Amino acid sequence: MRALPAVTGRDEFDALVVRTDYHDDQAWQDVAAALMQPWGDRQYEAHVHFIDDPAWAGATVDEVLTAVCGDDNLAVVFLADRTTMQAESHALLAVTTLTREECVGDEDYEQLTKFGRDFRTIPAGVHDVHANLSIGNLGFEEYAAWAHGDPEGIYRSF
């Protein structure tokens with residue numbers, strides 16, 4: 001596993017979006033623009049910390065998680081991968097930063113990752129997921145369950 005650059009300067013209220021695919025700059029511009037749109041029923045301002053550095057090209061989920069593990073205020077990281085860039089919805093991969101070691105036991109970890117440690121979400125859903133996980137209003141497993149229930153496996157926001 002390769003070492004990735006440290007993530008610095010992220011405000012705890014900023015969603016972390018890591019670009020791992022560099023094949024289509026226009027698709028990335030579209031994704032970034034969608035992520036900066038006001039969101040939610042009150043049209044909240046979007047707060048995103050973008051990692052747009054070719055050093056992250058092709059990074060795996062495990063490599064990204066290793067690189068961000070030092071951020072105690074980060075419950076979820078979003079990857080703009082090849083699938084994100086190619087899909088019409090530009091659904092990003094939401095990955096929980098929860099580790100087995102942080103759980104009371106194996107049973108607790110299994111329950112919290114029942115639908116896996118990742119799911120796809122449309123750009124508008126990134127803010128909803130990040131905000132609610134940050135304040136503990138909802139759990140990752142709840143969003144993963146909603147994505148699991150979608151015909152395309154995507155969380156589509158409230």
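Note that the structure is a prediction, hence the values are computed from the model and not measured.
Every residue two or more places apart in sequence or in another chain was checked for a salt bridge (Lys or Arg N to Asp or Glu O under 4.0 Å) with Asp108, and none qualifies. Applying the salt bridge (Lys or Arg N to Asp or Glu O under 4.0 Å) criterion to Glu141, with sequence neighbours excluded, gives no partner residue. Partners of Arg2 according to the salt bridge (Lys or Arg N to Asp or Glu O under 4.0 Å) rule, which considers only residues two or more places apart in sequence or in another chain, are Glu63.
Separating the CG atom in Leu79 from the CG atom in Leu16 is a distance of 8.5 Å, to the nearest 0.5 Å. We find the CD-CG distance between Glu12 and Asp71 to be 9.0 Å, quoted to the nearest 0.5 Å.
Residue pairs meeting the ring-ring contact (aromatic ring centres under 6.0 Å, His included) criterion with at least one partner in residues 113-133, sequence neighbours excluded, are Trp39-His127, Phe115-His148, Phe119-Phe140. Annotation: salt bridge (Lys or Arg N to Asp or Glu O under 4.0 Å) contacts involving residues 110-122, sequence neighbours excluded, comprise Asp62-Arg117, Asp81-Arg120, Arg100-Glu110. Judged as a ring-ring contact (aromatic ring centres under 6.0 Å, His included), the pairs with a partner in residues 47-90 (not counting sequence neighbours) are, in order, Trp28-Phe50.
Pairing each heavy atom of Leu133 with each of Ala75, the nearest pair is CB-CB, 4.0 Å. Nearest heavy-atom pair, Pro5 versus Ala67, reported as atom, atom and distance to 0.1 Å: O-CB, 4.4 Å. Contact between Leu35 and Ala46 at its shortest, heavy atoms only, is O-CB, 3.3 Å. Nearest heavy atom pair, residue Thr97 against residue Leu74, reads OG1-O, 2.6 Å. Taking each heavy atom of Pro123 and Ala34 in turn, the nearest pair found is CB-CB, 3.7 Å. For the residue pair Leu4 and Ala59, the shortest heavy atom distance occurs at CD1-CB, 3.9 Å.
With a 4.5 Å cut-off on side-chain heavy atoms, Arg10 and Asn73 count as touching. Residues Ile51 and Val17 are not in side-chain contact: their nearest non-hydrogen atoms beyond the backbone lie 4.5 Å or more apart. Between Asp21 and Thr84, the closest side-chain pair of non-hydrogen atoms is not below 4.5 Å. Contact of the Leu93 side chain with the Thr83 side chain is not registered, since no non-hydrogen atoms from C-beta on lie closer than 4.5 Å. Proximity of Thr121 to Tyr143: side-chain heavy atoms (C-beta onward) are nowhere separated by under 4.5 Å.
Residue Glu107 qualifies as open at atom CD: its count of foreign heavy atoms under 6.0 Å is 12 or below.
When the side chains of ILVMFWY residues are joined at heavy-atom separations under 4.5 Å, either directly or via intervening members, Tyr44 and Val129 end up in two distinct hydrophobic clusters. Both Val77 and Val61 are assigned to one and the same hydrophobic cluster, defined by single-linkage of ILVMFWY side chains at heavy-atom distances under 4.5 Å. At a threshold of 4.5 Å between side-chain heavy atoms, the hydrophobic network of Ile, Leu, Val, Met, Phe, Trp and Tyr places Val126 and Met85 in one connected group. Both Tyr155 and Val48 are part of a single hydrophobic cluster, where members link through side-chain heavy atoms under 4.5 Å apart.
Between the side chains of Asp25 and Gln29, not a single donor N or O lies within less than 3.5 Å of an accepting N or O.
Looking at Leu65, Val76, Val68 one by one, the single match for side chain to side chain contact (heavy atoms under 4.5 Å, CB included) with Val95 turns out to be Leu65.
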